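Read the structure below first, then the notes.
Below, read A as the first sequence line, B as the second, and so on, with proteins coming before strands; counting in each chain starts at 1. Source: prediction; values computed, not measured.
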Number of protein chains: 2
Amino acid sequence: MLAAQRRTLLLDRLARDRRVIAKDIAAELGLSEDSIRRDLRDLAAAGLCQRVYGGALPASPAIADYTARQAVSVDSKQRVAVAAAALITPGSTAILDGGTTALAVAQALPATLSATVITHSPTVAAALGTHPHVEIYLLGGRVFKHSMVACGAAAVEAASAVHADVFLLGVTGVHPDAGLTTGDPDEAAMKRALAQRAADTYVLASAEKIGAASRFTVLPLDAVAGIITDAPASDDTLDHLTARGVPILRA
Amino acid sequence: MLAAQRRTLLLDRLARDRRVIAKDIAAELGLSEDSIRRDLRDLAAAGLCQRVYGGALPASPAIADYTARQAVSVDSKQRVAVAAAALITPGSTAILDGGTTALAVAQALPATLSATVITHSPTVAAALGTHPHVEIYLLGGRVFKHSMVACGAAAVEAASAVHADVFLLGVTGVHPDAGLTTGDPDEAAMKRALAQRAADTYVLASAEKIGAASRFTVLPLDAVAGIITDAPASDDTLDHLTARGVPILRA
DNA sequence: AACATGGCTGCATGATCATGCATGTTCCTG
DNA sequence: CAGGAACATGCATGATCATGCAGCCATGTT
């Protein structure tokens with residue numbers, strides 16, 4: 001782990017847990033507390049966190065949000081993202097959903113990839129800006145702040161004009177009965193509209209999503225071409241899904 | 001392996017793993033760490049990655065925007081941005097252009113601002129994500145990579161559906177004869193369409209833009225409500241503009 | 001064929017940085 | 001107020017870095 005990565009890890013934890021304890025992080029990373037303290041001191045000097053006795057607190061909600069975008073490497077989402085990125089083949093057209101996992105997919109695309117990516121997420125589009133050979137098509141509309149995606153009637157309308165080979169769909173739950181779910185009705189409608197515009201829909205489902213269900217159904221399970229997950233092979237929910245004929249792609 | 005191939009390999013690894021460690025890559029490719037370091041140094045200079053102690057990290061979109069292009073006149077843009085941010089008043093609706101100066105405006109908005117911002121730049125929209133009370137409306141279309149804004153027929157069409165109080169327009173040149181200019185015809189058309197949708201258009205023009213002219217005219221000088229600049233008060237070009245009745249707002 | 005040029009590479013050098021430990025200080029808790 | 005935990009600081013060590021230099025190779029020129 002690079003020292004610079006450790007700092008983003010600290011900011012990430014800060015955003016997630018709303019606090020950081022120097023001793024715990026030192027033990028977790030196998031470093032001396034001195035190094036962690038030095039990091040926290042420097043981050044505080046840069047205004048990125050607030051130093052307190054025993055650890056640190058977030059500097060402000062805005063900063064915490066900003067840093068949360070820079071996810072740290074080898075975690076569950078990253079594995080799923082790398083596997084999903086392989087589905088966007090050179091020359092193809094893909095629809096990329098919003099959310100943190102889809103953002104990780106955008107960042108995991110090889111820098112040399114030549115393809116067309118359609119997205120309703122400004123964050124994803126911004127991340128794709130560093131890929132010189134990726135054509136970006138942005139779907140506009142009212143931006144739903146929680147997940148930073150364009151939703152609503154205008155966005156659905158804009159989606160109706162596109163066609164793609166694959167749609168990489170992010171959800172908050174994959175459940176044997178409830179199907180694929182998310183937390184907002186407008187978001188669900190937008191995802192549903194996007195699924196209709198692609199030949200194949202693949203679901204991005206890091207391990208914690210498997211077996212979970214949110215309030216609004218996006219699609220039934222049999223409407224997708226595959227579910228990409230890093231959940232362990234012995235997962236009961238996955239066995240149910242496999243029994244129903246839903247292809248599981250191991251990340 | 002050619003040196004150029006090695007660089008693309010580094011960028012791909014960076015996308016896949018979210019980091020690169022100089023020592024590991026050197027061992028893997030059978031090269032000295034010096035060569036890898038040289039590569040990373042050059043890639044960082046090109047804005048394609050971020051050099052850190054021990055290796056490199058991916059360049060974040062915002063950073064790529066700033067470093068790759070005008071790392072110059074950052075202070076100048078910042079002053080203009082702060083002055084322009086004051087034009088987006090609480091409760092109003094503003095159209096915010098793309099480009100680095102407009103991005104600076106987005107970042108200069110107070111965190112407590114309650115307003116509606118319409119933009120065709122995914123980068124600007126992403127930056128506004130941290131403002132909890134700013135309603136974001138995204139205009140979609142094909143994204144023009146150089147300045148990261150949606151352009152083309154679909155974007156112009158989407159623009160026709162909105163209405164705003166002010167439009168903060170970014171240009172590359174403000175010239176007494178050529179008027180307000182930019183470097184791309186589609187971009188110019190999009191900016192023109194946006195100007196029609198706002199009651200007042202203000203131009204973001206940091207000092208180096210004054211007196212410059214690019215190839216495509218966006219608007220004549222008398223079509224705008226004001227030009228926001230930090231150019232010195234004794235500037236000849238500004239005197240010409242003032243003589244023609246164009247209001248100058250000092251940043 | 002002989003030579004010059006320029007890019008790429010590896011090595012050596014001194015500088016810089018990250019880290020852990022020791023020391024003395026400050027802070028929290030009971 | 002006492003004990004212990006957390007802290008800042010200085011220092012030693014090893015890793016990493018920038019720079020300059022020399023060798024190698026491909027290319028183009030005489």
Problem - OP1 or OP2 of C:dG20 under 4.0 Å from side-chain N/O of A:Ser35 - result: yes
Have [X] and [Y] got a donor and an acceptor in their side chains that come within less than 3.5 Å?
X: B:Arg18; Y: A:Gln107; answer: yes
X: A:Thr93; Y: A:Asp165; answer: no
X: A:Ser35; Y: A:Glu33; answer: no
X: B:Thr172; Y: B:Ser214; answer: yes
X: A:Lys77; Y: A:Thr100; answer: yes

In whole angstrom, what separates [X]'s [atom1] from [N]'s [atom2]?
X: B:Glu33; N: C:dA12; atom1: CD; atom2: C1'; result: 14 Å
X: A:Asp24; N: D:dA5; atom1: CG; atom2: P; result: 15 Å
X: A:Asp39; N: D:dA6; atom1: CG; atom2: P; result: 17 Å
X: B:Asp42; N: C:dT9; atom1: CG; atom2: P; result: 11 Å
X: B:Leu2; N: C:dC8; atom1: CG; atom2: C1'; result: 11 Å
X: B:Ile36; N: C:dC11; atom1: CD1; atom2: P; result: 14 Å

Enumerate the protein-to-nucleotides 18-22 of chain D contacts in which both atoms are nitrogen or oxygen and the separation is below 3.5 Å.
none

Handout entry: Step-by-step side chain to side chain contact (heavy atoms under 4.5 Å, CB included) determination, A:Thr112 to B:Leu11
Key = CA-CA 8 Å; A:Thr112 54; B:Leu11 290 175; over 6 Å; no
Completion exercise
Between B:Thr101 and B:Leu204 the two heavy atoms that sit nearest each other are CG2-CB, 3.8 Å
Practice task
Could you tell me whether B:Asp184 and B:Arg215 have a side-chain N and a carboxylate O separated by less than 4.0 Å?
Solution key: no
Show the distances under 3.5 angstrom between N or O atoms of the protein and N or O atoms of nucleotides 26-30 of chain C.
| residue | atom | partner | partner atom | Å |
| --- | --- | --- | --- | --- |
| C:dC27 | O2 | A:Tyr53 | OH | 3.4 |

